[in-house]
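Quick notes on the structure that follows.
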Amino acid sequence: MEEEVVKEIVKLIEQDDDAQLKVYLDDLNISDVEHLIDELPQHAVKFIDTLSIKRSVNVFRILDFPTQERIIKKLPGNKLAELINLLPPDDRTSLFSELKGDAVTKLIILLPAKDRVEALSLLGYEEDSVGRLMTPDYVAVKKDWTVNRVLSHIRRYGKNSETIDVIYVIDKDGVLLDDIRIREVLLADPEAKIGTLTDHRLISLKVNDPQEEAINVFRMNNRVALPVVDDNHVLLGIVTVDDILWIANEEYTEDIHKIGGTQALDEPYLDVPVFQLYKKRVVWLIVLFFGELLTIFAMSNFERQIEKVVILATFIPLIISSGGNSGSQAATLIIQAMALGEITIKDWWRVMRREIFSGIFLGVTLCLLSFSVIICWQFIGGSLTEPVLIGLVVGCSLIGVVLWGTLMGSMLPLLLKKLGADPAVSSTPFVATLVDVTGLIIYFSMALLFLRGVLL
């Protein structure tokens, strides 16, 4: 948003020139008004109240929830009623599901009886289900209708539909038979029966399916909308790609937070109170703290070896960080592949086999590199006793630790998925902590193997 535009808007607000402000806002794109609200959040209610109702709805639906909540708390009653009534059902459901109980009750009362029943019905589905995303505003026709009748039906009811790019063919019981792109209808013979245009290559979503599955179906099939059916294949509503993009962004953000070792934030970072940030982060830090205590326990069992060969302690950070890094790499790759639907739990053996080879290749590379560094260090002026043996200890430890870290990082997400947990919680710090403990055991076991009877 250009600074001159913001200054002009502020000037009009200070002058209480609502008429000119409305003209100015109406000339802006919806996205520009959204950016303006980000720039001047204290005037968000003013902007929504000043815009025509249709444009205010279009702006409101693309705002983040904290901004929406602030607006509905201060928006005049008549404008709020219009806004809530004209919100598409899927956006309205999304808003209601985020609000506290009392606020939802007050807003639902503003709806007509029919819309109230519809809103309560959509809220009855599980929070992360496809049912929460769908809208019941779509165009449905019967297979024995002619193209002419279908076009008349679209002219009459299409303006209330979320999209008319696709129309849905149902039988007398509401069972979904097929979907047809509007392009095929417009190009068909006006007297042709709509049933003759179907190709029976129907793709649909189940109302109780997880939203993540809907994201994958949209991604793989390049659709702008998909029908939602129940267990009897009765058409209940549709989900459009704009809602899927919104949910995909939320899922991505949540996974990134978890991979970083924190609970997902429900609001933009700067809007989250400091104490709330503390609560989101402290749980994982405590878990990881106790995990690292195992590292101390592991080291305490090798105190005698460290006392005899102090140089072993020098390489501990190198060993455990290499294992943690390889595990974090593997975990990130597998979590992303699972999110994109590229692998499933059934692929565990293929994944393990690939990661065994990857771990060996990576470990051998670091082994050769570390061995070369230790030998060069000795030639330059180091004072190592038995540098070749020390090099073998560090190098072979790196092979074992990197291989183990790679296997842990790749298998943990699949195991968690199998147990019904979110794979993202096998995040970078969690994998690193587990590998730290096992890495020390591998390292000192190698030291005993190569240095027993020589330095130990």
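Values below: all heavy atoms of this structure, side chains included; hydrogens, waters and symmetry mates excluded.
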CD1-OG distance between I334 and S410, expressed to the nearest 0.5 angstrom: 5.5 Å

Quick one: pull up CG in L362 and CD in E355 and give me the separation to the nearest 0.5 Å. 8.5 Å

Counting only heavy atoms from other residues, nucleotides and ligands, does the tally under 6.0 Å from NZ of K79 exceed 12? yes

Minimum heavy-atom separation for E191 and N148, please, with both atom names. OE2-ND2, 3.2 Å

Of all the heavy-atom pairs spanning Y168 and A225, show the shortest one and how long it is. OH-CB, 3.8 Å

For the side chain of [X] and the backbone of [Y], is there at least one donor-acceptor N/O pair under 3.5 Å apart?
X    : Y    : answer
T135 : D137 : yes
D178 : D199 : yes
E34  : L63  : no
D347 : R350 : no
N29  : D32  : no
D173 : V175 : no

Would R223 and D179 pass as an ion pair if we require N to O under 4.0 Å? yes

Quick one: do K142 and D144 satisfy salt bridge (charged side-chain N to carboxylate O under 4.0 Å, His left out)? Show the steps, please. CA-CA 6 Å; K142 303 291 178 61; D144 57 347; over 6 Å; no

Can you find a side-chain donor-acceptor pair between [X] and [Y] that sits under 3.5 Å?
X    : Y    : answer
D64  : T67  : yes
T240 : D243 : yes
N208 : E126 : no

Are L235 and Y138 packed together at the side-chain level, in the sense that at least one heavy-atom pair is separated by less than 4.5 angstrom? yes

Is there a salt bridge (charged side-chain N to carboxylate O under 4.0 Å, His left out) between D242 and R61 once you walk through the steps? CA-CA 11 Å; D242 59 322; R61 64 191 298 228; 3.5 Å; yes

